[in-house]
2 protein chains.
Amino acid sequence: MRKIVLGLGISLDGYIARPDGAVDFLFMPKDYSMGPFFATIDTAIMGRKTLDAVLKMGGGSSPSGGGMATYVSSHTEPPGERDGCTFVNESPAAFVRRLRKRKGNGKGKRKDKGIWLKGGGELAREFLKADLVDELYIGVVPVLLGEGIPLFPSGFPQRNFALVENKTFSKGMIALKYKRVRSKAKRKS
Amino acid sequence: MRKIVLGLGISLDGYIARPDGAVDFLFMPKDYSMGPFFATIDTAIMGRKTLDAVLKMGGGSSPSGGGMATYVSSHTEPPGERDGCTFVNESPAAFVRRLRKRKGNGKGKRKDKGIWLKGGGELAREFLKADLVDELYIGVVPVLLGEGIPLFPSGFPQRNFALVENKTFSKGMIALKYKRVRSKAKRKS
């Protein structure tokens with residue numbers, strides 16, 4: 001089964017961006033590489049607001065890249081291909097069901113590669129509500145922003161995870177990998 | 001100078017407690033000990049709501065312990081000693097100035113020990129606003145709660161930190177230590 005990996009960089013107080021969408025506080029440590037992560041995925045999905053931010057930051061360059069099939073979830077934009085992306089307006093559950101049926105992006109043998117949930121927080125919440133997030137891959141930079149756009153806005157049920165990896169990189173970025181544990185949540189009270 | 005250490009356990013989405021104050025999701029790994037941390041501090045300060053939660057959870061036992069001088073910050077309760085705590089209603093800056101002048105809790109030679117900011121989020125925000133947090137000592141458990149009381153509610157200026165320690169403990173708890181870096185924040189935009 002193709003896994004859905006929520007993968008993002010955040011501040012120590014959990015923000016993926018400043019209130020205006022700026023991500024200047026994030027950085028890529030010299031000793032860190034996204035390569036191993038990219039090798040495990042072939043498809044990306046992001047929310048429409050995140051696409052807007054990517055387009056704004058990227059100076060108009062394509063938000064897709066590396067041969068990745070890129071989907072944009074939007075409740076307002078019409079579905080279809082443009083800007084190198086495929087707009088969809090299904091529920092996360094329906095979208096993922098369709099994507100999993102498709103098995104990979106159709107290019108070669110990559111039939112079991114993961115699907116990268118690139119954000120933002122609102123789409124992450126929709127996916128978490130539907131319990132569709134299988135893994136978390138989070139880079140935490142050592143800054144408290146004090147305000148911004150949260151990766152995990154409130155409003156979804158408890159989801160338990162198991163820590164798979166915790167690595168420290170230069171300039172104090174830590175990379176955390178978790179996998180979803182779907183056994184029943186043990187709440188004492 | 002006596003350091004102020006904001007030290008707390010949180011969920012992966014940054015909550016110190018569930019909406020009702022319950023902290024059942026937090027746990028103490030077998031291979032983890034608060035001992036080394038306790039050895040560096042001799043004074044604790046918490047917000048009044050945190051005291052109420054501690055008293056509720058603890059079944060009426062004293063919120064202070066280990067010979068630690070315990071202060072409770074409240075804007076509504078009258079100042080003075082009761083329940084083994086000293087209630088204060090000064091600003092964080094005035095309180096810390098006074099505490100630092102006092103040098104330790106007066107018991108023996110512990111003149112340079114740290115001050116433990118035990119929470120909650122509202123008091124943490126007041127301290128961060130006043131730039132009084134020198135260190136962070138955060139335990140992160142591998143669960144997304146989806147709702148709760150945040151450690152870092154929004155509403156304070158950016159504060160940069162440097163990672164000092166990142167350790168993994170059993171059951172996937174990670175313990176992170178940061179120290180405040182007070183050089184001017186580098187914001188590109």
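Scope of the values below: all heavy atoms of this structure, side chains included, with no hydrogens, waters or symmetry mates.
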Report summary line: Rounded to the nearest 0.5 angstrom, the OG-CG distance for A:Ser11 and B:Asn160 is 11.0 Å

Query - Engaged part of B:Leu128 at the chain A interface, taking heavy atoms whose separation is under 4.5 Å - result: side chain

Query raised in the report: When hydrophobic residues are tied together by side-chain contacts of less than 4.5 Å, even through go-betweens, does B:Val181 share a cluster with A:Leu12?
Result: no

Report summary line: Shortest non-hydrogen pair, A:Phe161 vs B:Leu144, comes out as CE1-CD1, 3.5 Å

**Report entry** Contacting moiety of B:Tyr15, where chain A heavy atoms sit under 4.5 Å
**Finding:** side chain

Query - Residue A:Tyr178 versus chain B: region with a heavy atom under 4.5 Å - result: side chain

Report task. Anything in residues 163-172 of chain B with a heavy-atom distance to chain A below 4.5 Å? Please list those residues in order. Result -> B:Leu163, B:Asn166, B:Lys167, B:Thr168, B:Gly172

Requested in this report: Under 4.5 Å, heavy atom to heavy atom: which of residues 132-142 of chain A reach chain B? Give them by number, or say none.
Outcome: A:Leu136, A:Val140, A:Pro142

Report summary line: With chain A, the option among B:Val143, B:Asp13, B:Ile10 that has the most non-hydrogen atom pairs under 4.5 Å is B:Val143

Query raised in the report: Tell me, side chain or backbone of B:Leu176 under 4.5 Å from chain A's heavy atoms, or both, or neither?
Result: side chain

Query - By side-chain hydrogen bond (donor to acceptor under 3.5 Å, both in side chains) - contacts of A:Thr50 (at least two apart) - result: none

Report task. List for me each residue that meets side-chain hydrogen bond (donor to acceptor under 3.5 Å, both in side chains) alongside A:Glu126, sequence neighbours excluded, and say none if there are none. Result -> A:His75

